[in-house]
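Working notes, beginning with the structure itself.
Below, all heavy atoms of this structure are taken into account, side chains as well, without hydrogens, waters or symmetry copies.
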Amino acid sequence: MIKMSIQEIMDSIKKVLEAPLFKGVFSFVGLVLTKLFGKPDTALQAFIMLLILDLITGFIKAFLSGSARSFISHEKGRKKYLGYAVVLSVCHLLDMAAVPGLRNVALFWGSATETYSILENMEEMGVPMPEFIKQQLNNTKKKYKL
């Protein structure tokens with residue numbers, strides 16, 4: 001077993017981060033992501049945070065219901081993230097070419113969808129919430145037969 005001090009670990013991490021290859025790969029990945037999805041403005045940051053919150057609340061809900069194993073291997077989630085990536089990328093490219101504001105429309109649509117999912121997860125976990133929110137969730141479920 002190899003034992004390393006905290007300082008040795010930090011020095012190793014620093015060497016990796018300073019390596020030209022790492023900087024080049026990191027820069028290239030950042031460039032590609034920015035070209036595909038746009039600059040990381042407030043709308044994109046909020047959307048990413050909502051995705052993370054939905055993932056966390058979904059995992060907690062699955063854990064409390066005893067289905068955490070199926071949650072982890074759930075293919076629906078992977079398809080959702082891939083779908084968001086494709087829609088956001090296409091909308092960003094169209095936004096740059098011909099339809100200003102389309103990327104933000106896609107981000108707001110995705111944010112609304114994720115917010116609904118977070119509230120639904122919290123309701124299923126038994127988290128107390130105002131009656132008007134519960135009523136709106138139930139109305140939406142009935143309207144769209146969810």
Met129, CE: over 12 other non-hydrogen atoms inside 6.0 angstrom =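 Buried by this count: over 12 neighbours within 6.0 Å.
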Does atom CD1 of Ile6 have more than 12 heavy-atom neighbours, drawn from other residues, nucleotides or ligands, at distances under 6.0 Å?
-> no
If every non-hydrogen atom of Asp54 is compared with every non-hydrogen atom of Ser117, which pair is closest and at what distance?
->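 Minimum heavy-atom separation between Asp54 and Ser117: OD1-OG, 2.6 Å.
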Which atom pairs, donor and acceptor, lie under 3.5 Å between side-chain atoms of residues 104-112 and protein residues at least two apart or in another chain?
{"residue": "Ser111", "atom": "OG", "partner": "Leu107", "partner atom": "O", "Å": "2.8"}

Does any non-hydrogen side-chain atom of [Y] lie less than 4.5 Å from one of [X]?
X      : Y      : value
Leu137 : Met122 : no
Asp41  : Leu44  : yes
Met49  : Gln45  : no

Identified side-chain contact (heavy atoms from CB on, under 4.5 Å) partner of Leu50 from the options Leu55, Thr113, Thr115 = Thr115
Return a table of donor-acceptor pairs under 3.5 angstrom between the side chains of residues 12-26 and protein atoms on other chains or two or more places apart.
{"residue": "Ser12", "atom": "OG", "partner": "Glu8", "partner atom": "O", "Å": "3.0"}

Distance check, rounded to the nearest 0.5 Å: [X] atom [atom1] versus [Y] atom [atom2]?
X      : Y      : atom1 : atom2 : result
Lys80  : Leu51  : NZ    : CG    : 6.5 Å
Met125 : Phe63  : CE    : CZ    : 12.5 Å
Ile56  : Ile118 : CD1   : CD1   : 9.0 Å
Thr57  : Glu124 : OG1   : CD    : 10.0 Å

Check residues 92-99 and write down every donor-acceptor pair under 3.5 Å in which the side-chain atom is one partner and the other belongs to a residue at least two apart or another chain.
{"residue": "His92", "atom": "NE2", "partner": "Lys35", "partner atom": "O", "Å": "3.4"}
{"residue": "His92", "atom": "NE2", "partner": "Gly38", "partner atom": "N", "Å": "3.4"}
{"residue": "Asp95", "atom": "OD2", "partner": "Gly101", "partner atom": "N", "Å": "2.7"}
{"residue": "Asp95", "atom": "OD2", "partner": "Leu102", "partner atom": "N", "Å": "3.1"}
{"residue": "Asp95", "atom": "OD2", "partner": "Arg103", "partner atom": "N", "Å": "3.3"}

Give a yes or no on whether Val32 and Val90 share a hydrophobic cluster (residues Ile, Leu, Val, Met, Phe, Trp, Tyr; joining criterion: side-chain heavy atoms under 4.5 Å apart).
-> no
State plainly whether one hydrophobic cluster holds both Val29 and Leu82, where clusters connect Ile, Leu, Val, Met, Phe, Trp and Tyr through side-chain heavy atoms under 4.5 angstrom apart.
-> no
Between Glu114 and Phe47, is there a donor-acceptor pair closer than 3.5 Å when you use the side chain of the first and the backbone of the second?
-> no
Does a donor on one side chain sit under 3.5 Å from an acceptor on the other, for Gln135 and Asn139?
-> no
